[in-house]
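Notes to accompany the following structure.
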There are 2 protein chains.
Amino acid sequence: MPEFIGRGPTLFTIPEGDTLARKVCPDCGFIAYENPKIIVGAVCRWEERILLCRRAIEPRTGYWTLPAGYLELNEATPAGAAREAWEEARARIEIEGLLAVYDIPRLSQVQLIYRALLVTPEIAAGPESLEVRLFAWDEIPWNDLAFPSVKWALDQYHEGLASGDRVTRRNPA
Amino acid sequence: MPEFIGRGPTLFTIPEGDTLARKVCPDCGFIAYENPKIIVGAVCRWEERILLCRRAIEPRTGYWTLPAGYLELNEATPAGAAREAWEEARARIEIEGLLAVYDIPRLSQVQLIYRALLVTPEIAAGPESLEVRLFAWDEIPWNDLAFPSVKWALDQYHEGLASGDRVTRRNPA
């Protein structure tokens, strides 16, 4: 680690030639440009059951979620969704298509949620999960879901299965 | 501006507790996490003509593009696409739906391109455009488009108009 630890980008100011205030480090002058982040995830199905993960990490520890996380640099979004399914649930998946794009401007997030099939039903909790499980539709723990967008994705996945359409969904009204 | 200018995040190393190398400032210890960026844009139509902008900035100065740019913090993607249409072409638009999601992992970009209608045909070059123009389909300057994804979006927009479908497109094969 470096010997001199500065204050980091703690100064909120408009850099010369810019139009918006950015975080600037008063010690080193570094400008920390911040951009919205991309979350990739998937609704993963084995026969009639859907994969959920019980979170081992904050926020919402102990609540159920889809395998999902931040897209990495130089990663395509379907590859990122498959990586997250492996990391969080040791699940091998085959991506079918783009289920939904959710705007979460409050958190500066855009979520891309895929429809996917499990290649095998063998799953296991990764380091960020307390447990992982395949749920039939009427077993889904609706009251213990981690985030509103998990419910949106499950509901919209179910609608798409019922109607057979392949429309990419958006935030519900 | 700060008095002491450090070297910035020039050290590429794996921070303690992390799994990937990140850029770290050797003077202040700041970790510059980098994430893929979201580009938002729109294919904007007035009657049978489509809005293109000739770029005043690098890269690809002088070539034609769709109004598009980086999503800002706390901005929803349709709002970002409308903001870019205003900034680059002084165009007021009404978003119809999500035309396409393109993965550009080489550039760590995800592009969300909307279908939109111009509310009025009055347009003008913003500071990042040399000129702006409404093109009939057979007038589009195919050999002078700025980026491959501009051609993808125009072609896929045209397909969708012809078929009347509202499927969200992906990178062409």
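Throughout, protein chains are lettered first and strands after them, A, B, ... in sequence-line order, and every chain is numbered starting at 1.
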Please tell me whether [X] and [Y] are part of a single hydrophobic cluster in this structure, the criterion being side-chain heavy atoms less than 4.5 Å apart.
X	Y	value
A:Trp152	A:Ile113	yes
A:Ile39	A:Ile57	no
A:Leu99	A:Val40	no
B:Leu66	B:Trp142	yes

Would the number of heavy atoms belonging to other residues, nucleotides or ligands and lying under 6.0 Å from [atom1] of [X] be above 12?
X	atom1	result
B:Arg83	CZ	yes
A:Asn143	CG	no
A:Phe135	CZ	yes
A:Arg92	CZ	no

#### Entry: Considering all heavy atoms, the nearest B:Pro36-A:Leu73 contact
N-CD2, 3.8 Å
### Message
Is A:Leu112 close to chain B through its backbone or its side chain, or both, or neither, when contacts mean heavy atoms under 4.5 Å?
### Response
side chain
### Message
Report which part of A:Glu34 has an atom under 4.5 Å of a heavy atom belonging to chain B: side chain, backbone, both, or neither.
### Response
both
Nearest 0.5 Å, what's the [atom1]-[atom2] distance between [X] and [Y]?
X	Y	atom1	atom2	answer
A:Asp27	B:Cys28	CG	SG	7.0 Å
A:Ile38	B:Asn35	CD1	CG	8.0 Å
B:Thr168	A:Arg170	OG1	CZ	7.5 Å
B:Asp103	A:Leu71	CG	CG	7.5 Å
A:Phe30	B:Thr10	CZ	OG1	10.5 Å

### Message
Quick check for you: among A:Gly97, A:Pro9, A:Gly8, which has the greatest number of heavy-atom pairs under 4.5 Å with chain B?
### Response
A:Pro9
### Task
Heavy-atom pairs under 4.5 Å with chain B are the metric here; pick the option from A:Gly80, A:Ser108, A:Pro78, A:Ala79 that has the most.
A:Ser108
## Note on the structure
Assert top hit (heavy-atom pairs under 4.5 Å, partner chain A, pool B:Thr13, B:Leu98, B:Ile104, B:Val167) equals B:Leu98
### Message
Please classify the contact between B:Glu72 and chain A as side chain, backbone, both or neither, with a heavy-atom cut-off of under 4.5 Å.
### Response
both
